[in-house]
Amino acid sequence: MDIAFANAIPEDADTVLVAVEEGRKLFPSAQAFDETAGGAVGRAVRVGRYSGKKGEMLDILAPDGVAAERIVAVGAGDYSAFEPLDRQKLGGDAWAHLNKVGARRVAVPTSSALDVCDFAHGMVLRSYRFDAYRTRIEDEDRPTVEKITIVADDLDGAEDKARRLQHLADGVFLTRNLVSEPANTLYPEEFARRAGALSALGVDVEALGEARMAELGMGALLGVGQGSERESQLVVMRWEGGAGDDPWLAVVGKGVCFDTGGISLKPGAGMEEMKFDMAGAGCVTGLMHVLAARGARANVVGVIGCVENMPSHRAQRPGDVVTTMSGQTIEVVNTDAEGRLVLADALHYTVETFKPKQVVDLATLTGAIVVALGSYRAGVFSNDDDLASALRAAGEETGEELWRMPLGERYDKDIASDIADMKNVGKAREAGSTAGAVLLRRFVGDTPWAHLDIAGTAWTKSDEPLAPKGATGFGVRLLDRFVADNWEA
Ligand code: BES
Ligand code: MN
Ligand code: ZN
């Protein structure tokens, strides 16, 4: 879907989109357009129940004299209270409606092209489809909307803003593509190849294979991948947009390309969902795309641990003890608690190599976080209050919301092992998400760190304003905002 700009409604537009505030009040631009439409919009919004409530849509057959076929009046509710995110969500809802009616080329007259950029960004985010494996061209669900033209007298700054938002959407789409991809096509080496494509944007990408990781002593990460035919990979993506001596921000992702549970095998029902267990790594990769594409003025390193958790004659067993790169040992009581094993080595490698000022990890780590927070918020665990609040603020701004969850001494004691430094599970059915987080904490030293458990938010089973059902790309917009507000300001 293309976004274009013009000073007048293009002749080939089939739909004109206008906005109405609660109380049937046409926006100034809608009012101006209505004068060319002989008052048809004003009449239409007055004859029925339509009041302009937020998200309320009205289709109006275009009268003679208007070149387009239809006018769609989008209800904005109380527009004075709108933030950019509200405009984005309204755009997402409008996009869904425009497709329902079969609009193709949509013109949006406005007195603020900058505001409508947010609206159009929401449309773009909602328009995502994963079409890689659809071969039937007669697909009735195929979206119709091809082009949105923002029509205003004053287009100052709008193209720049639209470009910035397009880079963001591209990164979100990259993440969604990676997360949607099935595990037979997206295995660790293929993931590394896809990440390698970021070098075209100036990201320095390096992949460490199993031999190199063995030299480094990454027994925990390698233990998880040991049962798979596919070679595990640790991928390091460096974007040096800051000054040479600026510190690093590190972003680390869980990249379990498929999680069967291993020998502690998961039940069959719903197991296909576990292709999305690399969503943390997918987010890191999409974020690196955004930062590089928009030329973020910060030094950011993305590190992803990519493995496949499979049962086999070579798989690790429950009870195995692995030695991590940090030297600490972990008793693997449950091979299905594998994400923390991957991250233990990925986090240690990252803090050791880059000495980052802050490190944020993202992982679909626990089913327990879904029980606690559902799919509306991700959990944030942190050893640093400032970092946690900065992330939460970025979450509120972008609608990728977080909720602080606890760490602490007593939880930490729950992962004590009888034969190793720690075990990879806590108490059965108690504080399961924190049990994962306290293990991760042991691998970051004193570095300010935050762990985002995105198990409930990385995938949606129903359409949302800014994401159709499927992979959401959760975390990309949040972390892009976090970098802009805290590292580039
Ligand atoms: N990838 C799963 C967590 C998960 C569950 C993500 C549901 C998304 C939806 C993780 O590797 C896992 O299996 N965690 C276990 C940990 C347990 C064995 C301590 C879990 O949550 O059950
Ligand atoms: Mn698991
Ligand atoms: Zn997992």
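Just so you know, residue 1 is the first one in the sequence shown, and it goes up from there. Just so you know, ligand 1 is whichever comes first in the structure, and atom 1 is the first atom listed for that ligand.
Atom CD1 of residue Ile369 and atom OG1 of residue Thr364 lie 12.0 Å apart, to the nearest 0.5 angstrom. Taking NE2 of His121 as the reference point, atom CZ of Arg164 lies at 8.5 Å (rounded to 0.5 Å).
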Legend entry - Stepwise ring pair (Phe, Tyr, Trp, His ring centres under 6.0 Å) test for His348 and Phe443: CA-CA 5 Å; His348 177 82; Phe443 293 87; 7.3 Å; no
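Under a 4.0 Å criterion applied to the non-hydrogen atoms of Val425, ligand 1 contributes the atoms 19 (C). Proximity to Phe276 (heavy-atom distance under 4.0 Å) selects the following atoms of ligand 1: 8 (C). The contact set between ligand 1 and Glu338, taken as ligand atoms under 4.0 Å from a residue heavy atom, comprises 11 (O). Close approach to Lys254 involves these atoms of ligand 1, each under 4.0 Å from a residue heavy atom: 1 (N), 10 (C), 11 (O). Near Thr364, the atoms of ligand 1 lying under 4.0 angstrom from a non-hydrogen atom of the residue are 1 (N), 2 (C), 3 (C), 6 (C).
In terms of protein heavy atoms, atom 16 (C) of ligand 1 is closest to Arg340 NH2, 3.8 Å. Closest to atom 2 (C) of ligand 1, if we only count protein heavy atoms, is Asp259 OD2, 3.6 Å. Closest to atom 22 (O) of ligand 1, if we only count protein heavy atoms, is Gly367 N, 4.5 Å. Atom 17 (C) of ligand 1 has as its closest protein heavy atom Ala337 CB, 4.3 Å. Protein heavy atom at the shortest distance from atom 7 (C) of ligand 1 is Met274 CE, 3.7 Å.
Checked against a 3.5 angstrom limit, the closest N/O atoms of Ala455 and ligand 1 fall outside it. Backbone and side-chain nitrogen or oxygen atoms of Asp277 are examined, and one is located within less than 3.5 angstrom of a nitrogen or oxygen of ligand 1. Taking only nitrogen or oxygen atoms, main chain and side chain alike, Asn334 does not reach within less than 3.5 Å of ligand 1.
With 2.8 Å as the limit, Glu338 counts as an N, O or S neighbour of the Zn ion (ligand 3). With a cut-off of 2.8 Å, the Zn ion (ligand 3) has no N, O or S atom of Ala363 in range.
At a threshold of 4.5 Å between non-hydrogen side-chain atoms, the residues Val284 and Val303 do not count as touching.
Look at Asp336 and you'll find a heavy atom under 4.0 Å from some atom of ligand 1. Using a 4.0 Å cutoff on heavy atoms, Glu273 does not count as a contact of ligand 1.
Note on Asp259: its N/O/S atom closest to the Zn ion (ligand 3) is OD2. Checked against the Zn ion (ligand 3), the N, O or S atom of Asp277 at the shortest distance is OD2. Its N, O or S atom nearest to the Mn ion (ligand 2) is what matters here, and for Glu338 that atom is OE1.
Angle OD1(Asp336) to the Mn ion (ligand 2) to OD2(Asp259), rounded to 10°: 100°.
Between Asp86 and Lys54, at least one side-chain N (NZ, or NE/NH1/NH2) sits under 4.0 Å from a carboxylate O, which counts as a salt bridge. Between Glu190 and Arg230, no side-chain nitrogen of the basic residue sits less than 4.0 Å from a carboxylate oxygen of the acidic one, so the salt-bridge criterion is not met. Electrostatic pairing of Arg294 and Asp480 counts as a salt bridge here, judged by a charged N lying under 4.0 Å from a carboxylate O.
Because its NZ or CZ atom is both nearer than 6.0 Å to the ring centre of Trp403 and within 45° of the ring axis, Arg392 counts as a cation-pi partner of that residue.
For the 3.5 Å distance criterion, the side chains of Asn177 and Glu181 fail to qualify, holding no donor opposite an acceptor. Using a 3.5 Å distance cut-off with no hydrogens or angles, the side chains of Thr324 and Asp345 do not pair a donor with an acceptor. Side-chain N/O atoms of Thr260 and Asn309 include no donor and acceptor closer than 3.5 Å.
Using a distance-only test at 3.5 Å, with no hydrogens or angles considered, no donor-acceptor pair links the side chain of Asn424 to the main chain of Leu341.
Across all their heavy atoms, Ser382 and Trp449 have their closest contact at OG-O, 2.7 Å.
Summarising the contacts of atom 10 (C) of ligand 1 with Leu365, Thr366, Val370, the nearest heavy atom is found in Leu365.
Contact annotation for atom 14 (N) of ligand 1: protein present (non-hydrogen atoms, distance under 4.0 Å).
For the pairing with Arg477, the salt bridge (Lys or Arg N to Asp or Glu O under 4.0 Å) check across Glu396, Glu400, Glu401 returns one residue only, Glu400.
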